[in-house]
Amino acid sequence: MNGLAPHLLADPRRAAGRAPVRNLSRRGFLGTAAGALVLGVGLGPALAQERAEGAGAVAPKPGTRVAAFLEMRPDGTARLLSPFVEGGQGINTGLAQTIGEEFDLDPSRFAVECAPPGPDYAVVNGLRMTGGSFSTRSSFDAMRRLGATAREMMLRAAAARLGVPQASLTTDDGRVVHAASGRTLGYGDLAAAALALQPRDDVPLKDPKTFRWIGKPVARLDARDKSTGRAIYAIDIRLDGMLHAAVQHAPHLGTEPQDIANEAEVRAMPGVRSVHRLPGAVAVVADSWWRARKGAEALRVAWTSPAAEGIATVSAGFSSAAMLEALKGATDAGIPAEQEGDVAGAFAGAATLVEAEYDAPYLAHAQLEPPSAVARFAADGTLDLWLPNQMPEVFQQVAAGIAGLQPAQVRIHSPMLGGFFGRHFYYGPANPFPQAILLARATGSAVRVLWSREEEFGMDAVRPLSFARFRAALGPDGLPVALQIRAVGEGPIGRWFGALFKAPVESSVVEGLDRKPYAIPNRRLDYVKVPHPVTIAFWRSVGHSMNDYFYESFLDEVAAAGGHDPFALRMALLKDSPRHRTLLQTVADRAGGWKRGPFEAPDGTRRARGIAMASPFGSETATIAEVSLTDGQARVHDLWIAIDPGSVVNPGIVARQVEGAAALGLSATLLEQVVYEGGRRQARNYDAYPILDRERMPRVHVTIVESGAPMGGIGEPGLPGVPPAVVNAVAALTGRRVRSLPLAKAQLSGV
């Protein structure tokens with residue numbers, strides 16, 4: 001997910017500012033050991049006071065404090081309670097590097113855990129979330145300040161212990177050193193004394209030239225546990241006396257169970273404890289998940305009927321093809337999302353007009369870990385909930401409403417995510433945890449709900465099907481003088497955060513189409529809302545995932561109509577942006593120089609290259625794809641991606657994230673689509689929803705350019721440039737412009 005981020009924190013560096021670091025009570029926050037040093041970082045005015053559930057800093061209003069707690073235990077080990085959820089993006093390692101740099105403690109000596117819900121962790125302008133490629137850039141300054149403050153307190157405590165001036169002391173990887181006498185004290189030995197000190201608000205930060213860990217490819221903290229099977233995901237949770245539940249969902253979204261013809265028969269199956277009707281589903285609870293699944297699959301359920309036709313709901317006649325026609329046929333004038341210059345006048349005097357329509361399909365998250373949740377009510381009526389999530393406080397509030405409790409009575413446990421990509425926000429019927437709560441209440445036992453692969457493919461919230469119409473006016477020199485875009489559809493920000501962000505333009509529908517760096521003097525972008533009846537979601541790089549494909553592909557069409565090379569046209573349109581020109585030249589150089597083709601490769605295959613740029617989530621990317629045809633389908637041999645995120649914490653993680661994002665972007669380009677026919681999704685497993693396999697995976701060459709611009713995101717920016725670069729290469733190779741993804745729909749042979 002990432003379209004949400006720009007609304008949440010306009011400038012993380014300014015927001016982090018000079019907020020004070022507070023020394024919180026040493027008692028009991030998450031069982032903190034007595035004598036441990038615990039620090040919280042404040043964002044803005046702060047107020048420290050006791051909470052009912054332990055010690056912690058409570059903000060005067062949600063979102064005015066960032067609370068990241070650093071614990072230095074007496075035994076010398078360090079623990080960070082992170083505001084973010086680790087989902088493979090490497091945030092735990094990056095946070096340890098950032099804090100460890102200023103604290104002077106090797107990142108490998110940190111244990112990082114996801115913090116529980118609470119107002120302290122609203123680090124993203126009043127909200128807490130993991131998404132939008134936003135975790136590191138939104139917390140970087142605050143985490144540095146936290147580490148520096150902790151180090152200064154250690155120095156002060158050591159100066160008092162040794163009876164020497166603080167200025168005579170230095171630190172070295174978890175120890176305070178008095179060079180003159182050769183004496184040293186470990187941080188663990190000093191933790192209790194440091195705890196009694198008042199943190200200073202004016203502790204200086206290190207000169208970046210002296211960094212030991214920030215900017216270095218430090219090994220990931222979770223690599224060993226993942227490699228040895230010790231990593232715990234939601235599907236690994238086991239509790240004493242826990243029962244297992246499997247579900248069968250309604251075949252049409254919005255319909256309900258009416259009657260179960262063989263309920264008594266299923267109740268009598270081995271291991272089955274009970275059968276339940278749930279909103280939009282039926283469930284079987286058993287002593288093992290396999291027995292629960294066999295029971296759920298055996299249920300013969302009569303469901304209420306959906307509407308016969310239309311797109312207001314998932315009707316019996318609903319299809320993705322009908323939805324696309326509705327987007328194309330929308331007649332609303334739309335709302336201006338961007339206006340610059342005299343568009344009408346430029347079109348009236350144009351030498352050449354270029355027009356095209358683009359669309360991209362619904363997409364599933366298709367993560368390897370199927371959704372699950374474990375719910376357990378305690379004797380006092382409170383609720384423990386283990387579930388994958390990207391916003392613990394939101395899930396706490398929703399769970400409390402379902403359970404009839406106050407949010408403080410719900411304890412959210414956030415395991416490591418086994419797959420991410422925006423799947424783990426709250427999407428109503430696309431989440432299994434409400435079912436776990438209802439079944440735990442009904443059975444009086446801890447219950448784990450695990451969706452089968454088929455149920456997940458049927459219920460996953462999907463990236464919206466999208467459509468955009470383009471018109472460009474070219475001058476006598478073939479350069480674009482005006483561009484008009486009409487983006488039609490609905491995005492996840494409006495669907496799930498509309499009450500919070502009341503802007504008339506849905507940013508997750510237009511991102512990737514607006515604020516482009518190209519010097520086109522007259523521009524207009526209109527947003528037309530057409531709601532989807534299906535459950536839509538954030539998907540890795542959100543609106544950029546399709547809109548950069550639309551825009552950058554159309555830009556190649558503009559180049560062709562004006563008689564320009566696509567690379568040269570981009571260079572010309574970036575005349576006022578040295579940062580983008582540098583990035584574009586960098587990716588071309590890394591690829592051995594720009595050549596569009598077609599050309600013959602050393603192996604004798606006929607190939608071509610495509611180029612694209614994208615500006616997602618504070619970072620800039622330039623991508624080149626080299627493509628051939630095999631049996632009428634595109635084969636991508638190499639992807640060169642240059643990324644400028646301003647600055648980086650861990651270049652190794654940056655490269656791996658760009659590679660992973662590129663793989664997902666290529667998978668969507670070549671293969672993926674969720675198709676509705678007769679109100680039902682046609683793919684219920686990977687056999688009908690193919691994803692990129694090893695045979696199709698190209699070589700990915702990543703170049704990092706640190707321009708010094710404000711830090712941008714990393715997890716998603718590698719994706720949006722891939723689809724247009726590949727499609728532009730296909731156009732160069734075949735002479736055929738593909739305006740509707742995936743490429744698997746197009747037969748490219750014989751061209």
Side-chain angles (χ1 to χ4, degrees), residues 18-42 46-51 54-57 65-82 95-96 98-113 115 120 142-206 212-213:
R18 298 292 301 169
V21 176
R22 309 296 182 188
N23 191 353
L24 308 180
S25 167
R26 65 189 177 96
R27 295 184 182 275
F29 188 80
L30 292 185
T32 298
L37 174 65
V38 183
L39 297 177
V41 181
L47 187 67
Q49 65 183 54
E50 291 296 314
R51 292 200 306 205
R65 280 180 58 88
V66 174
F69 298 97
L70 175 64
E71 177 185 337
M72 192 69 209
R73 291 167 171 165
D75 65 0
T77 62
R79 181 176 72 156
L80 170 66
L81 298 180
S82 169
L95 289 175
T98 304
I99 295 173
E101 184 67 69
E102 297 288 352
F103 192 30
D104 202 356
L105 186 69
D106 193 312
S108 66
R109 298 173 64 183
F110 281 83
V112 186
E113 303 171 15
D120 304 303
M143 296 299 104
R144 286 187 64 193
R145 199 165 59 255
L146 174 68
T149 302
R151 177 179 177 272
E152 193 280 333
M153 293 169 68
M154 291 293 180
L155 288 168
R156 251 191 295 160
R161 177 85 60 89
L162 298 174
V164 298
Q166 183 174 335
S168 68
L169 299 173
T170 58
T171 59
D172 182 31
D173 192 13
R175 300 190 68 81
V176 178
V177 179
H178 185 242
S181 65
R183 290 179 290 174
T184 65
L185 290 169
Y187 284 180
D189 298 328
L190 295 167
L195 177 69
L197 302 176
Q198 179 66 32
R200 286 175 49 190
D201 292 343
D202 59 349
V203 178
L205 301 179
K206 284 185 177 181
R212 298 172 63 185
W213 294 299

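Along the sequence shown, the residues carry numbers beginning at 1.
When all heavy atoms of Phe110 and Phe103 are compared, the closest pair comes out as CZ-CD2, 4.3 Å. Shortest non-hydrogen contact noted between Arg109 and Gly174 is NH1-CA, 4.0 Å. The nearest pair of heavy atoms linking Ala159 to Pro165 is CB-C, 4.3 Å. Across all their heavy atoms, Arg156 and Gln198 have their closest contact at NH2-O, 2.8 Å. Between Pro204 and Ala148, the shortest heavy-atom distance links the atoms O-CB, 3.9 Å. Scanning all heavy atoms of the two residues, the minimum distance from Ala157 to Leu197 falls at N-CD1, 3.8 Å.
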Worked check of side-chain contact (heavy atoms from CB on, under 4.5 Å) between Met153 and Thr149: CA-CA 6 Å; Met153 293 169 68; Thr149 302; 4.2 Å; yes
Verdict with supporting geometry, Ile99 and Leu80, side-chain contact (heavy atoms from CB on, under 4.5 Å): CA-CA 9 Å; Ile99 295 173; Leu80 170 66; 3.6 Å; yes
Verdict with reasoning, Ser168 to His178, per side-chain contact (heavy atoms from CB on, under 4.5 Å): CA-CA 6 Å; Ser168 68; His178 185 242; 3.4 Å; yes
Criterion side-chain contact (heavy atoms from CB on, under 4.5 Å) on Thr171 and Leu155, from CA distance to verdict: CA-CA 8 Å; Thr171 59; Leu155 288 168; 3.6 Å; yes
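Note that CG of Leu162 is 6.5 Å distant from CG of Leu169, once rounded to the nearest 0.5 Å. Rounding to the nearest 0.5 Å gives a distance of 8.5 Å between CD of Glu113 and CD of Glu71. Here Leu190 contributes atom CG and Met154 contributes atom CE; the two are 6.0 Å apart, rounded to the nearest 0.5 Å.
Counting only distance, with no hydrogens or angles, the side chain of Glu101 and the backbone of Trp213 share a donor-acceptor pair below 3.5 Å.
Look at Arg212 and Asp173 and you find no salt bridge, because none of the NZ, NE, NH1 or NH2 atoms lies under 4.0 Å from a carboxylate O. Between Arg151 and Glu102 no salt bridge is recorded (no basic side-chain N to carboxylate O distance below 4.0 Å).
If you check the side chains of Thr98 and Arg144, you find no donor sitting under 3.5 Å from an acceptor.
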